[in-house]
Amino acid sequence: VMAFYRDSDGDGFGNPLVEVCVATEGYVNNLNDCNDTNGAVYPGATELADGIDNDCDGAIDERGVLQVSAGFVHTCAVLDDNTLQCWGGNSAGQLGDGTIIERLSPTSVPGLISVVGIGLEGSYEGNHTCAVLNDGTVQCWGNNNAGQLGDGTTTDRHSPTPVPGLIGVRQIGLGNNYTCALLNDGAVQCWGWNDDGQLGDGTTTDRHSPTLVYGLAGVVGIGLGSGG
């Protein structure tokens, strides 16, 4: 005899404790939903670092974390499937979830599926974020008042936005309203705020797109200050 189970949240899996023997609206023949009030929780769902057993396997938050980076008011983690989750302050969209809503628990950054490195601004009220993808490109989001997102504008972005023309990146660093990238060939490019010449291009002109740091070759690592 086929059994059907109450599916209160419409996720296709039913509560094993509520069973009928005939097909009935609101009942399904898949069972073992461990939380029939949350449509994002069911057997086989993606496990998130949110304090919930999302996939109903009896374990909570069993996701591997490849990297964690903390800014002044927000934090992000690269998970073992190379997706990204962020949480904390979000006044400029620095969490990358398309909103400016503060998040008190890890929240997925939509559209990023191949993250291999991240950088967060750590200065006072620092609020921009960048990610290096496995193809060597970079996407940034959040505050962009000095062009620190590198997209050629000074418009804040609430979702990941590609940095045009930047390829072959192996490391990203974020300072106080500016950003630098170390390339695979050992060169460095920087952009954003440049009042003290921190971009290394021989000027004090802000740059809204990646700009080569003159005279550097064979660089193996970068670090940016977060003061000011």
Side-chain angles (χ1 to χ4, degrees), residues 1-118 120 127-135 139-143 156-162:
V1 177
M2 181 174 288
F4 299 87
Y5 306 90
R6 179 63 176 167
D7 180 17
S8 298
D9 55 17
D11 60 12
F13 290 85
N15 183 345
L17 301 179
V18 184
E19 177 182 342
V20 297
C21 295
V22 296
T24 304
E25 184 178 356
Y27 286 72
V28 297
N29 61 3
N30 295 317
L31 73 164
N32 292 332
D33 193 338
C34 58
N35 185 343
D36 201 33
T37 64
N38 186 338
V41 175
Y42 55 86
T46 299
E47 186 67 31
L48 304 176
D50 59 359
I52 297 173
D53 179 15
N54 306 90
D55 57 5
C56 295
D57 68 350
I60 296 175
D61 296 346
E62 70 277 22
R63 295 299 305 275
V65 176
L66 302 179
Q67 181 186 351
V68 175
S69 184
F72 187 77
V73 295
H74 73 300
T75 306
C76 293
V78 182
L79 303 186
D80 56 7
D81 62 355
N82 297 105
T83 59
L84 185 63
Q85 294 192 20
C86 298
W87 58 96
N90 199 24
S91 60
Q94 62 263 42
L95 301 187
D97 66 349
T99 77
I100 53 172
I101 299 171
E102 179 182 72
R103 304 295 183 181
L104 304 184
S105 60
T107 300
S108 294
V109 179
L112 287 183
I113 58 175
S114 56
V115 179
V116 296
I118 52 174
L120 278 65
N127 49 14
H128 82 288
T129 309
C130 293
V132 181
L133 306 187
N134 66 359
D135 62 359
Q139 297 197 26
C140 297
W141 57 96
N143 184 34
D156 290 356
R157 306 294 183 183
H158 302 161
S159 299
T161 301

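Note that this is a predicted model, so its numbers are computed, not measured.
Residues Val65 and Leu79 form a side-chain contact, since some pair of their non-hydrogen atoms from C-beta on lies under 4.5 Å apart. In this structure the side chain of Asn32 never reaches within 4.5 angstrom of the side chain of Tyr5, judged on heavy atoms. A 4.5 Å side-chain heavy-atom check between Asp53 and Val41 finds every atom pair outside the cut-off. Contact check for Ile101 versus Leu95: no side-chain heavy atoms found under the 4.5 Å cut-off. Using a 4.5 Å heavy-atom cutoff, the side chains of Ser159 and Trp141 are not in contact.
Judged purely by atom type and a 3.5 angstrom limit, Asp7 uses its side chain to pair as donor or acceptor with the backbone of Gly12. The main-chain N or O of Asn35 is never found under 3.5 Å from a side-chain atom of Thr37 such that the two would form a donor-acceptor pair. Within the 3.5 Å criterion, the main-chain N or O of Thr99 finds a donor-acceptor partner in the side chain of Asn90. In this structure a side-chain-to-backbone donor-acceptor pair under 3.5 Å is present from Thr107 to Ser105. The backbone N or O of Asn127 lies less than 3.5 Å from no partner atom in the side chain of Thr129, so there is not a single donor-acceptor pair. Using modelled atom types, one side-chain atom of Asn82 and one backbone atom of Val115 make a donor-acceptor pair closer than 3.5 Å. No donor-acceptor pair under 3.5 Å is formed between the side chain of Asp156 and the backbone N or O of Ala92. In this structure, the side chain of Gln94 engages the main chain of Gly89 through a donor-acceptor pair within 3.5 Å. Formation of a donor-acceptor pair under 3.5 Å by the Gln67 side chain with backbone atoms of Ile118 is found in this model.
Scanning both residues, Ala77 and Val68, for their nearest heavy atoms gives CB-CG2, 4.1 Å. For Glu19 against Ala3, the heavy-atom pair with the smallest separation is OE2-CB, 3.3 Å. Summarising the geometry of Gln85 relative to Pro106, their closest heavy-atom pair is OE1-CB, 3.0 Å, with the distance given to 0.1 Å. Across Pro110 and Ser108, no two heavy atoms sit closer than the pair CD-O, 3.3 Å. Shortest non-hydrogen contact noted between Arg6 and Glu25 is NH1-O, 3.8 Å. Closest non-hydrogen pair, Ala45 versus Asp55, comes out as O-CB, 3.1 Å.
Here the NE2-NE2 distance, from His128 to His74, works out to 9.0 Å after rounding to the nearest 0.5 Å. For the atom pair OG (Ser91) and CG (Asn143), the distance works out to 8.0 Å, reported to the nearest 0.5 Å. Summarising the geometry, atom CD belonging to Gln139 is positioned 5.5 Å from atom CG belonging to Leu112; distances are rounded to the nearest 0.5 Å.
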**Q.** Full working for side-chain contact (heavy atoms from CB on, under 4.5 Å) between Asn54 and Asn38
**A.** CA-CA 9 Å; Asn54 306 90; Asn38 186 338; over 6 Å; no
Q | ring-ring contact (aromatic ring centres under 6.0 Å, His included) between Tyr42 and Phe13, intermediate numbers included | A | CA-CA 6 Å; Tyr42 55 86; Phe13 290 85; 5.6 Å; yes
Q: Show your working on side-chain contact (heavy atoms from CB on, under 4.5 Å) between Val18 and Tyr27 and close with a plain yes or no.
A: CA-CA 9 Å; Val18 184; Tyr27 286 72; 3.8 Å; yes
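In the displayed structure, Ile113 atom CD1 is contacted under 6.0 Å by at most 12 heavy atoms of other residues, nucleotides or ligands.
Residues satisfying the side chain to side chain donor-acceptor pair (under 3.5 Å) test with Asp36, not counting sequence neighbours, are Ser8.
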